[in-house]
Amino acid sequence: MGRRPLIAGNWKMYKNCQEAVEAAGEISMLVADVLSDIDVMIAPTFTALAPVAEKIEDSPFFIGAQDIFWEKEGAYTGQISADMLISAGCKYVIIGHSERRQFFHETDDTVNKKIKAALDADLVPVLCIGETEQERENEKTFSVLDNQIKKGLEGFSPEDLKNLVIAYEPVWAIGTGKTATTDQAQEVHNYIRDLIGKILGTDLADDMRILYGGSVKPDNISELMAMTDIDGALIGGASLDPESFSKIAHFT
Ligand code: PGA
């Protein structure tokens, strides 16, 4: 069976509860016709998760969180557990987004713990990896990705990771309007799939969905999706507007 495409929106710190509910309602109508062929996921802020889930209750599109904490419960002021995400209606969770790595001290070690917490609770982790502009210029792209993947996925079996999604997001392409060329993206996606194959087996690698992220827009999604190893997209800016997100979800 082929890999089922996933179009995922990351709303970052945009949209309060009312705005998120309104946009999610529009999206659920706009994408209804594609949900038999692809998965669609939206990740609103924590506070909007439950109201958004309630709003789209009857629509088979998915809700994701933008982060998770690895402990089950305890005195961890401000943190959110896997169980809390599930009870708010989440199915997915974005882990290790470059903004969290850059601004909130996320490391490959914390990413690893968060993936474990997500998997233990049956949440689907979307592991974000990617190189900075300087790392690319210094030809470090592949070694950076190697590290992020090997450390992030340390200790898991292929069976554990059967639902894992990887999002390749070159940091220099996020929110900058600079997209990797389709060839650049395909080259890296192919490298990631090969690497997963080497460390976890080709069965898992063949089935794993690898998303591209970084300035994805309605006018560049089709050529990205035409690449063999690109199975979907993680979209920031262009996911905020229901119309443009829906156009992306209609990439075919
Ligand atoms: P962007 O963000 O689409 O605004 O570049 C992508 C992301 O951060 O996931």
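Note that ligands are numbered from 1 as they come in the structure, with each ligand's atoms numbered from 1 the same way. Sequential numbering from 1 along the given sequence is applied to the chain's residues.
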Does any N or O in the side chain of Arg136 come within less than 3.5 Å of the main-chain N or O of Pro170, such that one atom is a donor and the other an acceptor? no
Quickly, which of Gln148, Glu131, His189 forms a side-chain hydrogen bond (donor to acceptor under 3.5 Å, both in side chains) with Tyr168? Name it, please. Glu131
Give a yes or no on whether the backbone of Gly177 and the side-chain of Ser215 come within a donor-acceptor separation of less than 3.5 Å. yes
Contacts for ligand 1, heavy atom under 4.0 Å, by chain and number, are Asn10, Lys12, His97, Glu169, Ala173, Ile174, Gly175, Gly214, Ser215, Leu234, Ile235, Gly236, Gly237
Checking salt bridge (Lys or Arg N to Asp or Glu O under 4.0 Å) between Asp231 and each of Arg4, Arg209, Arg3, which is the one that passes? Arg3
Tell me every residue that passes ring pair (Phe, Tyr, Trp, His ring centres under 6.0 Å) with Tyr14, counting only those two or more places apart in sequence or in another chain. none
Quick one: do the Ser143 and Asp146 side chains pair a donor with an acceptor below 3.5 Å? no
